[in-house]
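Structure first, commentary second.
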Amino acid sequence: MPELPEVETVRRQLEPLLTERRIVDAEAHPSPKFAPAVRAVAHRVGGVRRRGKYLLFDLLDGGDTPRELVVHLGMTGGLHVVDAPSPDPYRRARWELDDGRHLVFRDVRRFGRIAVVPAGDHRSLPTLHDLGPEPFDPVLDAGGFHTRLAGSRRRVKTHLLSQRPIAGVGNIYADEALWRAGIHPGARRVGPERANLLLTALRDVLREALDHDGTTLRDYRTVDGGTGSNQFRLECYGRAGSPCARCRTPLTSRLLDQRTATWCPSCQAR
DNA sequence: CGGGGTTCCTGGCCGC
DNA sequence: TGCGGCCAGGAACCCC
């Protein structure tokens with residue numbers, strides 16, 4: 001599932017392909033999750049940005065106020081730039097560019113979402129609107145992160161997945177970072193010391209995944225259809241029953257707030 | 001207003 | 001071999 005490293009990998013690949021291109025035509029699946037894609041027509045793409053797991057395309061020259069095309073890849077979404085689109089039952093949107101190429105949004109399970117909003121107006125996307133700071137924002141420090149974590153009595157993993165304490169962390173990297181920091185995913189209080197460890201672990205895990213073009217478990221693909229390689233480096237996510245890489249205790253897995261969580265019962269004791 | 005529950009989706013996998 | 005049933009899960013949405 002695309003999280004920050006996967007979305008950033010896609011952003012970096014899209015940027016040179018889309019910047020300064022004009023969108024000359026578009027079509028989309030009729031679902032309200034995808035239909036807004038066509039509203040990007042006639043705009044020029046000023047740049048491709050990312051906030052958390054959201055891709056933000058600056059839309060200029062639309063006739064009125066600047067807009068933003070917002071794309072969330074959901075679970076199985078992918079963006080691809082192709083010369084000539086081939087038939088695909090899972091294509092949910094297609095934008096034709098003024099260089100003759102096409103930007104295609106493919107999403108088997110339709111958990112993704114496309115919106116066109118006035119630039120910076122994210123009221124229709126509550127998670128984006130209330131998104132926590134970027135993990136690599138130097139303004140974010142251990143004290144600030146602890147304050148954000150302490151603002152909720154929810155389980156720390158559930159809180160991370162809400163995107164409110166920090167942006168871009170999903171199930172894979174939450175499990176990985178909590179494992180590295182030695183914090184139980186169900187903990188409801190995380191002190192300043194552990195918050196510091198967790199922030200460092202999150203940054204390390206996300207940076208390393210980005211260096212490996214993300215984690216391809218099944219669906220995630222880069223813009224050119226390639227795969228990431230971080231799946232070979234996972235130490236916790238999806239490894240229930242395997243020995244912990246630190247202490248050899250078998251990792252355990254359980255549903256926590258309706259989400260699968262995997263952790264080491266020894267290294268990540270309550 | 002924070003938090004909890006529900007819903008959207010379909011391929012892959014398991015077991016018989 | 002075929003097929004019913006179950007699972008994965010981000011974020012919008014609804015409700016208290």
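Order of the sequence lines fixes the chain letters, A, B, ..., with proteins taken first and strands second; residue numbering starts at 1 for each chain. None of the values given here were measured: they were computed from a predicted structure.
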*Between A:Arg123 and A:Asp121, does at least one N-O distance fall below 4.0 Å, as a salt bridge requires?*
yes

*Where the side chain of A:Tyr90 is concerned, which of B:dT10, C:dA12, B:dC8 is the nearest nucleotide?*
B:dT10

*asked:* Please check: side-chain N/O of A:Asn230 versus main-chain N/O of A:Arg233, any donor-acceptor pairing under 3.5 Å?
replied: no

*asked:* Once hydrogens and angles are ignored, does a donor-acceptor distance under 3.5 Å link the base of B:dG2 to the side chain of A:Arg153?
replied: no

*In whole angstrom, give the distance that lies between atom NE2 of A:His159 and atom P of B:dG4.*
12 Å

_Between A:Thr127 and C:dA12, is there a contact of a side-chain N or O with OP1 or OP2 at under 4.0 Å?_
yes

*Within the structure shown, what part of the strands sits under 4.0 Å from A:Ser152 by heavy-atom distance: base, sugar-phosphate, or nothing?*
sugar-phosphate

*asked:* Just the rounded figure in Å: distance from P of B:dG11 to CZ of A:Phe111.
replied: 13 Å

*Among B:dG5, B:dG11, C:dA12, which is the nearest nucleotide to the side chain of A:Arg109?*
B:dG11

*asked:* Would you say A:His72 places a side-chain N or O within less than 4.0 Å of OP1 or OP2 belonging to C:dG10?
replied: no

*What is the nucleic acid contact for A:Arg110, judged by heavy atoms within less than 4.0 Å: base, sugar-phosphate only, or nothing?*
sugar-phosphate

*With nearest nucleotides of DNA chain C determined for A:Tyr54 and A:Gln258 from heavy-atom distances, which residue corresponds to the more 5′ nucleotide?*
A:Gln258

*Is A:Gln163 reaching over with its side chain to a backbone N or O of A:Thr127, donor-acceptor style, under 3.5 angstrom?*
no

*Looking at every strand, decide which applies to A:Thr260 at a 4.0 Å heavy-atom threshold: base, sugar-phosphate, or nothing.*
sugar-phosphate

*Between A:Arg164 and B:dG3, does any side-chain N or O lie under 4.0 Å from OP1 or OP2?*
no

*C:dA8 C1' sits how many Å from A:Ile172 CD1, rounded?*
11 Å

*Can we say A:Glu20 and A:Arg44 salt-bridge, meaning some charged N sits less than 4.0 Å from an Asp/Glu carboxylate O?*
yes

*Nearest whole angstrom, please: distance from the C1' of B:dG4 to the CZ of A:Arg155.*
12 Å

*Check the distance between B:dT6's C1' and A:Asp257's CG and give it to me in whole angstrom.*
14 Å

*Roughly, in whole Å, what's the span from CG in A:Leu160 to C1' in C:dG10?*
14 Å

_Treating A:Arg164 as the side-chain partner and A:Arg148 as the backbone partner, does any N or O pair qualify as donor plus acceptor under 3.5 Å?_
no

*Just compare B:dC8, C:dC13, B:dG4 and give me whichever is closest to any side-chain atom of A:Lys33.*
B:dC8

*asked:* Using a 4.0 Å heavy-atom cut-off, does A:Met75 contact any base of the nucleic acid, only the sugar-phosphate backbone, or nothing at all?
replied: base

_Measure CG/A:Leu4 against P/C:dG10 and give the value in whole Å, please._
14 Å

*C:dA11 phosphate, OP1 or OP2: any side-chain N/O from A:Gln163 under 4.0 angstrom?*
yes

*Does a side-chain N or O from A:Tyr173 land closer than 4.0 Å to OP1 or OP2 of C:dG10, or not?*
no

*A:Phe34 ring centre to A:Arg110 NZ or CZ under 6.0 Å, with the angle to the axis within 45°?*
no

*Is any side-chain N or O of A:Arg218 under 3.5 Å from a base N or O of C:dA8, one able to act as donor and the other as acceptor?*
no

*Expressed in angstrom and rounded to an integer, what is the separation of A:Asp107 atom CG from C:dG10 atom P?*
13 Å

*asked:* Mind checking if A:Phe34 touches a base, just sugar-phosphate, or nothing, with heavy atoms under 4.0 Å?
replied: nothing

